[in-house]
Peer 1: 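This structure is in structure tokens; I'll ask about it shortly.
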Number of protein chains: 2
Amino acid sequence: MKEGPDIAQIGALIGDPARANMLAALTGGKALTATELAAVGGITLQTASAHLAKLEAGGLLLPRKQGRHRYFSLADEAVARLIESMMGFAASRGHLRHQPGPKEPALRKARICYDHLAGDYGVRMLDSLVAKGAIDAVGDGLALTAKGEETFQCIGIDVADLKASRRPLCRSCLDWSERRAHLAGSLGKALLTSFFDKGWARRTAGSRSVIFSPEGERQFVALFPVETPVAA
Amino acid sequence: MKEGPDIAQIGALIGDPARANMLAALTGGKALTATELAAVGGITLQTASAHLAKLEAGGLLLPRKQGRHRYFSLADEAVARLIESMMGFAASRGHLRHQPGPKEPALRKARICYDHLAGDYGVRMLDSLVAKGAIDAVGDGLALTAKGEETFQCIGIDVADLKASRRPLCRSCLDWSERRAHLAGSLGKALLTSFFDKGWARRTAGSRSVIFSPEGERQFVALFPVETPVAA
DNA sequence: TCCATACTTCGACCGTAGCCGAAGCATCTC
DNA sequence: GAGATGCTTCGGCTACGGTCGAAGTATGGA
């Protein structure tokens, strides 16, 4: 009977469509204001305010006051992982949104998952890194190899710096659209950040999707080649 | 806005206390009848029937008709993982049940998590296996070593048999009470099953907790020793 | 100081979903 | 067939939670 932690509480928190939309939007990694989140949820500001208060009380959101704005973001990476894993689960049961919509393909191709790259490109990147021996994949676990350390140093990512942080370097995150793993953790974050810095890609305004420039796409594909199956 | 899979639906499904209790009970791995689940949820049979229909429609439960009983169990391991991960998350946010209750300690010590051992004993077992080199831990991932293969063969677990199945051999599962990983996957299942077969432990009637016999406990501790930190 | 913007609180409305009693099927036992 | 047991369906009640309009509070700018 009454055993263990109360999953009903957080289930109910996520179970409201407006709140779920807000959380999904915040999985894009950017902090959003109450007004923006109201729009995302398709509700008025007053209603959104009530929802946000509940999410905050439940420990899912972290507000940051800035002038007359209140920016909300996911409380931590654990929330993002939970949301993403629920998306994967929902997809596996066929609980899809009514209209796929025109933005869907872009989202499946490349999107932000909290702070790292997801979608087809995210999965391909990890595959390529594993194939070239930069990352070791054991079961669900990922680990940086010595060779990988070199590789990333060359791209301009200071692995030693990342190692200093308490956050895990490599983490596998199940991709809901591809149903396979992509790279999360501080290394995943650093990689995505570097793509932005180099101008290879940019985030879109109101969506999680990531748009690669033609040049960026070329560079990305060159850097993370995939074995093309030999044409039969 | 309308992006990706519908997490609100499954959130709402889990978000009802009665349904959450049912799901938690089913995480014990045993299939239960509608009547039993009604008791677990603290509701009448009619109400439970409605809840179960929803859970089934949502793809969380799998009913099996047997005579005049209908046995319900979690649809698959993915459901169990989702529930368990939500428990871990809920625990991390302090969303605990009102009364800890007298059964709580037994539950923290050893319990069933779908089909494998969890709780303090589950975590200790994995720690010990990693320490003796039977299992490799890389990041979150677990892999059986050659040495481990021998070890398990000696205990009477046919690893080759398990490998034949499509299900992953080793999987790490985050323990909500210990906040650390324990061993899931077909190997985790095989180990727990062997404890039951050897009479070292038994499941309890209405709970997830696993009770070790004095002799079983002795054997278990001998088989999976933990490094006692040297007294200072 | 005055107004605009960002957000919260209050109050009232309404719908949905949970709940149970009673009746209806289905299945097993005798 | 009669009766018990397990479960589902129906109907009606109720309450909780989501919703918005309107008013209230904070911050920024002119």
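Just so it is clear: chains get the letters A, B, ... in the order the sequence lines come, proteins before strands, and each one is counted from 1.
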Peer 1: Hey, does the Lys NZ or Arg CZ of B/Arg108 hover above the aromatic six-ring of B/Trp176, less than 6.0 Å from the centre and inside 45° of the axis?
Peer 2: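 Here B/Arg108 fails the 6.0 Å and 45° test against B/Trp176.
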Peer 1: Given D/dG6, C/dG18, D/dT9, identify the nucleotide with an atom nearest to the side chain of B/Asp16.
Peer 2: C/dG18
Peer 1: By nearest heavy atom, map B/Thr35 and A/Thr44 onto DNA chain D; which one lands nearer the 5' end?
Peer 2: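 The answer here is B/Thr35.
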Peer 1: Please determine if B/Lys109 and B/Glu217 form a salt bridge, counting it only when a charged side-chain N lies under 4.0 Å from a carboxylate O.
Peer 2: yes
Peer 1: In whole angstrom, what separates A/Asn21's CG from D/dT19's C1'?
Peer 2: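 A/Asn21 atom CG is separated from D/dT19 atom C1' by 16 Å.
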Peer 1: From C-beta outward on B/Ile43, which listed nucleotide comes closest to its side chain: D/dG21, C/dC7, C/dC20?
Peer 2: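 For the B/Ile43 side chain, the nearest candidate turns out to be C/dC20.
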Peer 1: In whole angstrom, give the distance that lies between atom CG of A/Leu37 and atom C1' of D/dG18.
Peer 2: 17 Å
Peer 1: Between D/dC7 atom P and B/Leu61 atom CG, what is the distance in whole Å?
Peer 2: 14 Å
Peer 1: Measure CG/A/Leu55 against P/D/dG17 and give the value in whole Å, please.
Peer 2: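 In whole Å, D/dG17 P and A/Leu55 CG are 14 Å from each other.
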Peer 1: Which sits closer to the 5' end of DNA chain C, A/Ala53 or B/Gln66, going by the nucleotide each is nearest to?
Peer 2: A/Ala53
Peer 1: Is any side-chain N of the basic residue among B/Asp16 and B/Lys54 closer than 4.0 Å to the acidic one's carboxylate O?
Peer 2: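 So B/Asp16 does not pair with B/Lys54 through a salt bridge.
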Peer 1: Given C/dT8, C/dT27, D/dC20, identify the nucleotide with an atom nearest to the side chain of A/Thr47.
Peer 2: D/dC20
Peer 1: From the options D/dG18, D/dT8, C/dC7, select the nucleotide whose nearest atom is closest to the side chain of B/Leu45.
Peer 2: D/dT8
Peer 1: Report yes or no: is the cationic atom of B/Arg218 (NZ for Lys, CZ for Arg) closer than 6.0 Å to the six-membered ring centre of B/Trp200, at no more than 45° off its axis?
Peer 2: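 Not satisfied by the 6.0 Å and 45° rule.
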Peer 1: Taking 4.0 Å as the cut-off, does a side-chain nitrogen or oxygen of B/His51 come that near to OP1 or OP2 on C/dC19?
Peer 2: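 Yes, B/His51 has a side-chain N/O under 4.0 Å of OP1/OP2 on C/dC19.
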Peer 1: How many whole angstroms separate atom CE of A/Met22 from atom C1' of D/dT19?
Peer 2: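 These atoms are roughly 12 Å apart.
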Peer 1: Name the closest nucleotide to the B/Arg68 side chain, picking from D/dG18, D/dT5, D/dC7.
Peer 2: D/dT5
Peer 1: For D/dT8, does either OP1 or OP2 sit under 4.0 Å from a side-chain N or O belonging to B/Arg70?
Peer 2: yes
Peer 1: Atom CD1 of A/Ile14 to atom P of D/dG17: distance rounded to whole Å?
Peer 2: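 Atom CD1 in A/Ile14 sits about 17 Å away from atom P in D/dG17.
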Peer 1: Please pick, from D/dT9, C/dC7, D/dG18, the nucleotide with the shortest atom-to-atom distance to any side-chain atom of B/Ser49.
Peer 2: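 Closest of the options to the side chain of B/Ser49: D/dT9.
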Peer 1: From C-beta outward on B/Ala34, which listed nucleotide comes closest to its side chain: D/dG17, D/dC7, C/dC7?
Peer 2: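 Minimum distance to the B/Ala34 side chain belongs to D/dC7.
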Peer 1: State whether B/Glu56 and B/Arg70 are salt-bridged, where the test is any N-O pair (Lys NZ or Arg NE/NH1/NH2 against Asp/Glu carboxylate O) under 4.0 Å.
Peer 2: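 So B/Glu56 pairs with B/Arg70 through a salt bridge.
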Peer 1: How many Å lie between CZ on B/Arg19 and P on C/dA17, as a whole number?
Peer 2: 9 Å
Peer 1: Send over the distance from B/Lys54 NZ to D/dT9 P, rounded to a whole Å.
Peer 2: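 The answer, rounded to whole Å, is 13 Å.
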Peer 1: Ring-plane angle category for B/Phe220 and B/Tyr121, please: parallel below 30°, perpendicular beyond 60°, tilted otherwise.
Peer 2: parallel
Peer 1: Can you check whether B/Lys65 has a side-chain N or O nearer than 4.0 Å to OP1 or OP2 of D/dG6?
Peer 2: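 Indeed not, no polar side-chain atom of B/Lys65 lies that close.
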Peer 1: Nearest to the side chain of B/Gln46, which nucleotide is it out of C/dG21, C/dT8, D/dT27?
Peer 2: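 The listed nucleotide nearest to B/Gln46's side chain is C/dG21.
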